[in-house]
> 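I'd like to ask some things about the structure below.
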Amino acid sequence: MLNITMIGCGAIGIGALELLEKDPDLRVDAVVVPAESQELIRQRLASFEHPPTVLTELPADARPDLLVECAGHRAIEQHVLPALARGIPCLVVSVGALSEYGLAERLEAAAREGGTRIELLPGAIGGIDALSAAKVGGLESVLYTGRKPAGAWKGTPAEQACDLDNLAEATVIFKGSAREAALLYPKNANVAATLSLAGLGLDRTEVQLIADPHSSENVHQVEARGAFGGFELTLRGKPLAANPKTSALTVYSVVRALGNHAHAISI
Ligand SMILES: NC(=O)C1=CN([C@@H]2O[C@H](COP(=O)(O)OP(=O)(O)OC[C@H]3O[C@@H](n4cnc5c(N)ncnc54)[C@H](OP(=O)(O)O)[C@@H]3O)[C@@H](O)[C@H]2O)C=CC1
Ligand SMILES: O=C([O-])CC(=O)C(=O)O
């Protein structure tokens, strides 16, 4: 059995915990959350058969088999970097944090220091295996379009670009590089960063973000060309009720990745 510490316990975290309870090979022993929400999370987890301990920091002597981050960009610096340096393997969903200059190199250095690895999870997108394999032969272009319901862009710079409450038609709210997208939209453009890290890089991957008042799904489209040929992918993600910015597939991606560490056959 693998003992896991989870960083963050919101829409993704709770969704993953519910599914992981059914897996005898995995046990989430602890969740790490901000002090302000510690009590609320404790109450939310009370109905679980094996409620994880709710902490605000990973204790200095803690040695979980795996640490999984599902908290947000700031948690990478705060929790993942030190855990890697201590030799704890980390899985992360807030991949957009790596758009900050120098952070990827610091994560790599910390993982080397600790003799361990950091795994960037596909989250809400598919095709990462194909794209990163295509990169080996050489990629020419990768275009990512992220389309979400207007409400999913609330609390983001899109509010300055348009009137989200009265949008009549689908509106492009951002056009630029994956790096800019991930920095400007930390809760909505992790997929842009993931695709770019697998493919052409943060500065050469073209990104378009759309607020669509007629959509009820988070639609991710990828067009890639290179020596391998080409592929077009459209993924229509169902948003989570607990956080409409986040697609349900992200929860399943976390559960799959953890399972792959524990089960005899991984896929
Ligand atoms: N790769 C992908 O495809 C995707 C990645 N994501 C990433 O996952 C993150 C989480 O998504 P989601 O679960 O929907 O978000 P929620 O806001 O529902 O939950 C976030 C949870 O993390 C906690 N948290 C926030 N900051 C920290 C921190 N520094 N240390 C510990 N805990 C923290 C929050 O606590 P509190 O409530 O107190 O703030 C909350 O419990 C997103 O911010 C995004 O970066 C999301 C969707 C797709
Ligand atoms: O969950 C999704 O559909 C994608 C998302 O929020 C992100 O890329 O950050």
Side-chain angles (χ1 to χ4, degrees), residues 5-18 30-45 52 54-58 67-83 91-100 119-128 144-149 152-156 174 178 181-198 205 207 209-210 212 215-222 234-254 256-257:
T5 292
M6 180 179 276
I7 309 294
C9 195
I12 299 172
I14 292 276
L17 282 171
E18 283 169 2
V31 297
V32 174
V33 297
E36 315 82 79
S37 50
Q38 191 177 18
E39 198 40 53
L40 181 73
I41 300 294
R42 215 169 258 148
Q43 287 165 19
R44 267 192 205 151
L45 296 180
V54 184
L55 307 168
T56 56
E57 288 291 339
L58 188 67
L67 179 143
V68 61
E69 175 279 328
C70 32
H73 286 202
R74 280 193 41 242
I76 303 293
E77 177 100 34
Q78 196 180 346
H79 300 292
V80 174
L81 256 179
L91 285 65
V92 309
V93 296
S94 295
V95 179
L98 277 71
S99 57
E100 185 192 314
E119 194 175 324
L120 310 179
L121 302 188
I125 193 67
I128 295 299
Y144 164 67
T145 304
R147 178 186 295 258
K148 291 190 180 184
W153 300 102
K154 288 270 176 78
T156 78
F174 172 87
L183 287 171
L184 282 170
Y185 296 92
K187 297 183 179 178
N188 278 315
N190 290 279
V191 160
T194 307
L195 286 163
S196 70
L197 291 166
T205 304
V207 173
L209 301 175
I210 297 172
D212 187 347
S215 178
S216 57
E217 296 165 326
N218 296 336
V219 184
H220 305 287
Q221 288 176 299
V222 188
T234 298
L235 199 151
R236 300 183 192 286
K238 193 171 169 184
L240 289 171
N243 183 2
K245 287 182 166 67
T246 297
S247 299
L249 190 64
T250 317
V251 172
Y252 309 145
S253 174
V254 167
R256 166 197 178 248

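We count ligands from 1, going down the list as the structure has it; atoms in each ligand are counted the same way. Fair warning: this is a prediction, and the values are worked out from it, not measured in the lab.
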> Is there a side-chain contact between Val80 and Leu67 (heavy atoms, below 4.5 Å)?
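A side-chain contact under 4.5 Å exists here.
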> In the protein, what heavy atom is nearest to atom 20 (C) of ligand 1, and what distance, to one decimal place, separates them?
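Scanning the protein heavy atoms, the shortest distance from atom 20 (C) of ligand 1 goes to Ala71 O, 3.6 Å.
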> I'd like to check whether Ala124 has a polar contact with ligand 2, where a contact means an N/O of the residue lying under 3.5 Å from an N/O of the ligand.
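The answer is no, given that Ala124 and ligand 2 share no N or O pair closer than 3.5 Å.
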> In terms of residue, atom name and distance, what is the protein heavy atom nearest to atom 30 (N) of ligand 1?
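For atom 30 (N) of ligand 1, the nearest protein heavy atom is His79 NE2, 3.2 Å.
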> I need the atoms of ligand 2 closer than 4.0 Å to a non-hydrogen atom of Thr250, numbered in the order shown.
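Near Thr250, meaning under 4.0 Å from one of its heavy atoms, ligand 2 has 1 (O).
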> Pull out every atom of ligand 1 sitting under 4.0 Å from any heavy atom of His73, numbered as shown with elements.
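Contacts of ligand 1 toward His73, numbered from 1: 45 (O).
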> Which residue supplies the protein heavy atom nearest to atom 1 (O) of ligand 2, what is that atom called, and how far is it?
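For atom 1 (O) of ligand 2, the nearest protein heavy atom is Ser247 N, 2.7 Å.
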> Tell me whether Val191 has any N or O atom under 3.5 angstrom from an N or O of ligand 2.
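Val191 vs ligand 2: N/O contact under 3.5 Å present.
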> Please write down residue, atom name and distance for the protein heavy atom closest to atom 19 (O) of ligand 1.
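The protein heavy atom lying closest is Gly10 CA, 3.2 Å.
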> Against ligand 1, does Glu36 come closer than 4.0 Å with any heavy atom?
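Per 4.0 Å heavy-atom rule, Glu36 does not contact ligand 1.
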> Could you check atom 13 (O) of ligand 1 against the protein and tell me its nearest heavy-atom contact, residue, atom and distance included?
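The answer is Ile12 N, 2.9 Å.
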> Of all the non-hydrogen atoms in the protein, which one sits nearest to atom 48 (C) of ligand 1, and at what distance?
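Of every protein heavy atom, Thr250 OG1, 3.5 Å lies nearest to atom 48 (C) of ligand 1.
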> Less than 4.0 Å is my threshold; does some heavy atom of Gly237 fall inside it relative to ligand 2?
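False for this residue.
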> Give the atom numbers and elements of ligand 2 that come within less than 4.0 Å of a heavy atom of Lys187.
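Heavy-atom distances to Lys187 below 4.0 Å select 6 (O), 9 (O).
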> Below 4.0 angstrom from a heavy atom of Ile7, which ligand 1 atoms are there? Numbered from 1 as shown, please.
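Numbered from 1, ligand 1 contributes 31 (C).
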> Give me the residue, atom name and distance of the protein heavy atom closest to atom 35 (O) of ligand 1.
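Of the protein heavy atoms, Pro34 CD, 3.4 Å lies nearest.
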> If we set the cut-off at 4.0 Å for heavy atoms, which region of Cys70 has an atom near ligand 1: side chain, backbone, both, or neither?
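Contact part for Cys70 vs ligand 1: backbone (N, CA, C, O).
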> Which of the atoms in ligand 2, numbered in the order shown and given with their element, are less than 4.0 Å from a heavy-atom of Thr246?
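Contacts of ligand 2 toward Thr246, numbered from 1: 1 (O).
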> Any idea which protein heavy atom is nearest atom 45 (O) of ligand 1, and the distance to it?
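The closest one turns out to be Ser94 OG, 2.8 Å.
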> Would Val95 count as a contact of ligand 1 if the rule is a heavy atom under 4.0 Å away?
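Contact absent.
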> Check each atom of ligand 1 against the heavy atoms of Ala11 and keep those under 4.0 Å away; list them by number with element.
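Matching atoms, with element in brackets: 13 (O), 14 (O), 16 (P), 18 (O), 19 (O).
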> Please identify which atoms of ligand 1 are closer than 4.0 Å to at least one heavy atom of Ala124.
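Near Ala124, the atoms of ligand 1 are 2 (C), 3 (O).
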> Please classify the Val32 to ligand 1 contact at 4.0 Å (heavy-atom distances, strictly less than): side chain, backbone, both or neither.
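The part of Val32 near ligand 1 is the backbone, not the side chain.
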> Check each atom of ligand 1 against the heavy atoms of Gln78 and keep those under 4.0 Å away; list them by number with element.
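Listed by number with element: 28 (C), 29 (N).
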> List every atom of ligand 1 that sits less than 4.0 Å from any heavy atom of Ser37, numbering the atoms from 1 in the order shown and giving each element.
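This gives 35 (O), 36 (P), 38 (O) as the contact atoms.
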